[in-house]
Amino acid sequence: MEASSSEDMIIWFEEVAKNAGKVQMEILKKILEINHGVEYLEKWFGDIDVHKMDAEALQSLYTSMVPLASHADLEPYIQRIADGETSPLLTKQPITTLSLSSGTTEGRQKYVPFTSHSSKTTLQMFKLAAAYRSRVYPTKEGGKILEFIYGSKQFKTKGGLSAGTATTHYFASQEFKLKQQQTKSFTCSPEQVITSGDYKQSTYCHFLLGLFYSPDVEFITSTFAYCIVQALTLFEEYWIDLCNDLSQGTLSPRITLPGIRRSVLDLIKPNTHLATWVRAKCEELEGSDWYGLIPKLWPNCKYVYSIMTGSMQPYMEKLKHYAGDHLPLVSADYGSTESWIGVNMDPSCAPQNVTFTVVPAFSYFEFIPLHRQHHKPCDAVVAGGGGDDYLEDDPVPLSKVKIGQQYEIVLTTFTGLYRYRLGDVVEVSGFYKGTPKLNFLCRRKLILTVNIDKNTEQDLQLAVQKGSQPLIKSRAELVDFTSHANIVNQPGHYVVYWEIKGVVNEDVLDQCCKEMDAAFVDHGYVVSRKTNSIGPLELCIVERGTFKKIMEYFIGNGATMSQFKTPRCTTNQVLLKILNLYTIKRFRSTAYQ
Ligand code: AMP
């Protein structure tokens, strides 16, 4: 696929969407042909001459012979690759790069193979999404993008392979350079700022250059909404220094990395007029709690673009605050380190209603139908223990999914993942031509459970949202949250940690705690609370800045800002230690009614 102009991209996508079922079979055949004979597939697929089979027969043979796999099943192969083994284990092409995926959602970082195919599809996805956005929000030729993007340090595995996050590899790739050259808009920051590995120094420079080019900034973006919110919070701290630097064409001593210093100083020049304008705006904004900061400082910004769904939903209020009443928030596309999945074809759609249209040309997708058990109260007891509360049916191909049904996504990729369970739960909301449109619901395994209760990330989010309503009257806001199922003392109970901005009376927080407890509607939870086999919910208020410390802990362990997602439920002892150390108030809900 070599489509390059916006309209070519859309025409290409319409064609693959129309023939989605057929495209999927061909993609699978291509993956299996390219990787025929790899060790992983050998035991199930060794004797089969994939080149001679027709695509449909191959699809049913593949799904009947090769089992579903989790990351743990692939790990021994990936480890051997990391250790330097070059025989074809997962792919025929040697793998020279490994990506770190979802360490922050599952609490442990996982390696997955990264190839030039990964960068190519990232560039394709970027162009496709940009094509849809520019139909609704056209941007100026030669304009700039203020991008809060961060690469981390790439490091070497024992076998000498480069390892780092997928975004880091992408920023280092030819495809990213090509994007910078070919597209109509350019990132304000040079490569040294993006890849410095120090998110505070990078953020400062993203702002300095973003302000320096302010009239040219056409949109503001980051991978995850959290990154933009976090950056704008830092702006409240940095603005005075930024104004000085703008005025004098200097760079604050906060920036110590020589590479960044050089690259930024090469670009900026003193601009007292601009600095005076920014200073006046900031003084005004400070008095209104920075409401509408984005359009005030970047008056030509057409929209803010970022992932705002799933675990990013809780940051939407804050993002709306910074964006003011009129600047559109555009929800970014759906993908993972393992593969890109779906594009947002309708950028004008409110982020809470966005759907992702599967791009059938990127990987081979299967869907495991899921049925939540707590809709059937009598089954809840059976669920027990460590799993989750979904019942599964056999996986179906993309062309067989049904509207309204929930599924877990399974991937077969060009990078050597075969029937790999991604762990994301989605709901099919409709079709675009022959390809499904998905609502992202949650990560499947992120659950809060003490005994027969099972709450997903989404359930927790809803409970926190309801429980935090009383904060509004106190003009306070919830900055971030996480949770833990405490089973040390009997009965076990849920602990929910909140970081709050603003001053709130204890009786209000006590009310929040009770309302949050009542907002968990999972049948297992309700029954257990009534019988006191789960104790009253505990709300812990942590000191301001605690969640920043958590982020820094993850970044110190190899995650990047571009990938970081606050874990919504944790058993990680280091994290719990941080949370408990900085807890300043505790509340317990009362006996259940
Ligand atoms: P990672 O592999 O660490 O880059 O994280 C990928 C995961 O982030 C996915 O499996 C999803 O759980 C989540 N994710 C990615 N894109 C979106 C999106 N648009 N909406 C909600 N969650 C997303």
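Just so you know, ligand 1 is whichever comes first in the structure, and atom 1 is the first atom listed for that ligand.
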Can you tell which part of Thr165 has a heavy atom less than 4.0 Å from ligand 1: side chain, backbone, both or neither?
neither
Please work out whether any backbone atom (N, CA, C, O) or any side-chain heavy atom from C-beta onward of Tyr334 is under 4.0 Å from ligand 1, and answer side chain, backbone, both or neither.
both
Are Arg568 and Asp480 close enough for a salt bridge, meaning some N to O gap below 4.0 Å?
yes
Yes or no: does Thr223 have any heavy atom under 4.0 Å from an atom of ligand 1?
no
Examine the proximity of ligand 1 to Thr309 and report which part, side chain or backbone, both or neither, has a heavy atom under 4.0 Å away.
both
Going by the salt bridge (charged side-chain N to carboxylate O under 4.0 Å, His left out) test, which pairs reach into residues 194-203, not counting sequence neighbours?
Lys200-Glu552
side-chain hydrogen bond (donor to acceptor under 3.5 Å, both in side chains) between Ser468 and Trp498: does it pass, once the steps are laid out?
CA-CA 9 Å; Ser468 59; Trp498 284 8; over 6 Å; no
Looking at ligand 1, would Met312 count as a contact under a 4.0 Å heavy-atom criterion?
no
If the plane angle is over 60° it's perpendicular, under 30° parallel, otherwise tilted; pick one for Tyr420 and His71.
perpendicular
Go through the structure and list residues passing salt bridge (charged side-chain N to carboxylate O under 4.0 Å, His left out) with Arg135, not counting sequence neighbours.
Glu7
Would you tell me which option among Leu422, Asn344, Asp424 has the nearest heavy-atom contact to atom 9 (C) of ligand 1?
Asp424
Report the distance from atom CZ of Phe440 to atom OG1 of Thr309, rounding to the nearest 0.5 Å.
7.0 Å
For Ala332, the atoms of ligand 1 under 4.0 Å from one of its heavy atoms are 19 (N)
